Amino acid sequence: MRILHTADWHLGQRFISGHERTDEHRHFLTWLVATVHEQAVEVLVIAGDVFDSGSPANQALELYYDFLLQMQGTACRDIVVVGGNHDSPATLNAPARLLRHLRVHVVGCVPDCFEDQVLVLNDAAGQPGLVVCAVPFLRDRDVRLSVPGETAEEREARLRQGIADHYARIAEVEHVWQLKAQGLPVLATGHLYAAGAAPSDSERTIHVGNLGQVTAEHFPEVFDYVALGHLHRPQRVGGREHIRYSGSPIALSFSEIDHGKEVLLLDFAAGKLATLTALPVPGTRRLLRFHGGLEEVVALLVGYDNTGYLLPAWVDVEVRSERTQLEVADALLAVIQALDRKQVEVLARRHLRLVQLRPLGEPGEGDEPLTPSLHDFTERQVFAQRLESEPEAGRAELLAAFDELLEGMPHA
């Protein structure tokens with residue numbers, strides 16, 4: 001059985017200043033269909049965050065359904081889709097009964113019948129060949145009951161135990177261990193934040209399973225592979241080769257520019273994971289950071305070569321200079337207006353003014369107060385600063401409540 005693991009597409013994402021990612025996603029999905037065909041993939045697993053918003057735009061929905069239709073022309077027999085924290089369970093589940101006839105299995109949230117998370121997929125001979133424990137993003141109500149008056153530490157402990165119990169319970173479903181005993185491999189999915197994993201700026205803090213609570217030990221040994229989503233950087237969990245984040249297929253923030261994008265190709269033989277291969281996803285657009293002095297940044301902008309990329313690069317500019325805000329803004333604007341926007345486009349720019357230190361009490365000429373821009377902070381950082389004026393005892397609870405609100409919000 002050959003399986004491909006991917007996650008965190010975030011179809012419909014709008015980048016800084018509302019810039020759409022539709023072209024990048026379309027190129028990725030076209031490449032993915034071709035890769036599934038060339039690699040003779042039999043099962044495709046999408047581990048959450050298909051969409052960037054619970055109310056995806058029509059363009060995003062069109063990309064998704066067009067992809068599923070194109071997949072019917074490949075040898076891939078089954079597609080498994082689980083919901084992530086950005087996905088609306090209602091949106092994913094609405095066409096689930098219809099998609100089942102195309103062998104697309106959708107689990108947008110924990111179903112009323114717990115055992116419906118367990119899928120038995122046939123091999124090429126029409127016999128059971130793979131067990132999939134399709135666990136979606138676990139929301140608070142899925143893993144614990146609230147207890148009035150509990151502390152933040154007690155709440156986190158209950159969440160951790162609830163997640164562990166969910167995976168333990170699904171591993172104990174009768175036909176899971178029975179088929180495992182017959183030599184079938186068992187694959188589980190998850191959309192969460194695991195301990196020791198490295199996030200980037202674009203992943204929103206997940207309230208359930210945040211703070212790195214979930215460890216490799218929380219996944220029962222019956223699982224031969226755990227296909228994870230939520231973190232956009234490809235990585236192992238706890239050094240375990242069989243517990244993996246595939247990462248996102250395109251960079252979703254400027255913090256992701258230094259690591260490659262990939263999907264994971266799995267081969268199972270004799271009921272075990274035999275080989276795991278990372279397939280690099282070809283990029284169509286570069287995200288770049290040009291940070292430094294004014295002359296250095298200008299040279300980087302003017303000298304940038306976009307050869308090899310279909311779409312213009314998007315650049316985050318930060319100038320560190322002793323010049324005034326107005327001087328830097330005028331110089332940058334003149335350069336930006338002269339750029340070829342088919343090659344490079346500046347989406348964000350900041351000026352950090354360098355101030356020469358003087359002996360205490362010595363006045364400076366023309367000093368301007370430095371006021372950080374709101375864009376220099378994340379929503380969570382802004383709220384955390386606001387909490388500094390609140391009693392310390394209640395800050396953790398308020399921050400946890402704020403994280404819950406962020407879960408359902410699309411990327412800015």
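Only heavy atoms go into these numbers, but all of them, side chains included; no hydrogens, no water, no symmetry mates. Not measured: the values here are computed from a predicted model.
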TODO: Verify the ring-centre separation between Phe15 and Phe254: is it less than 6.0 angstrom?
DONE: yes
Next item on the list: Might you work through the side-chain contact (heavy atoms from CB on, under 4.5 Å) test for Ser246 and Leu264, ending with a clear yes or no?
Entry: CA-CA 6 Å; Ser246 65; Leu264 298 170; 4.1 Å; yes
Would you indicate whether the side-chain heavy atoms of [Y] and [X] approach each other to under 4.5 Å?
X	Y	result
Glu256	Ser248	yes
Leu187	Asp224	no
Phe219	Val214	yes
Asn122	Arg77	no
His242	Lys272	no
Leu29	Tyr64	no
Val132	Leu121	yes
Leu130	Leu184	no

Interatomic distance, CG@Leu92 vs CG@Leu99, rounded to 0.5 Å, equals 10.0 Å
Rounded to the nearest 0.5 angstrom, the NE2-CG distance for His232 and Asp49 is 6.0 Å
List the atom of [X], the atom of [Y], and the distance in Å for their closest heavy-atom pair.
X	Y	result
Trp9	Pro249	CD1-CG, 3.8 Å
Ala164	His218	CB-CD2, 3.2 Å
Arg244	Tyr225	CB-OH, 3.2 Å
Gln117	Val107	CG-CG1, 4.4 Å
Leu228	His5	O-NE2, 3.1 Å
Pro234	His259	CD-ND1, 4.0 Å

Strictly below 4.0 Å, N to O, side chains only: are Arg26 and Glu62 in salt-bridge contact?
no
query: Do NZ/NE/NH1/NH2 and the carboxylate oxygens of Arg285 and Glu20 come within less than 4.0 Å?
result: no
query = Is there a donor in the side chain of His25 and an acceptor in the side chain of Thr22, or the other way round, less than 3.5 Å apart?
reply = no
Would Glu217 and Arg240 count as a side-chain contact (heavy atoms from CB on, under 4.5 Å) if you check the C-alpha gap in whole Å, the side-chain angles of each, and the deciding distance to 0.1 Å? CA-CA 10 Å; Glu217 287 70 28; Arg240 308 290 179 86; 2.8 Å; yes
Which of Arg349, Arg350, Arg289 passes salt bridge (Lys or Arg N to Asp or Glu O under 4.0 Å) with Glu318? Answer is Arg350
Q) Just wondering, are more than 12 heavy atoms of other shown residues or ligands nearer than 6.0 Å to CZ in Arg395? A) yes
- Task: May I ask you to check whether over 12 heavy atoms, not counting those of Arg320, lie within 6.0 Å of atom CZ?
- Result: yes
Asp142 and Phe137: CA distance, side-chain angles, deciding distance, side-chain contact (heavy atoms from CB on, under 4.5 Å) verdict: CA-CA 9 Å; Asp142 298 324; Phe137 169 62; over 6 Å; no
From the list Asp66, Thr74, Leu68, side-chain contact (heavy atoms from CB on, under 4.5 Å) with Gln70 holds only for Asp66
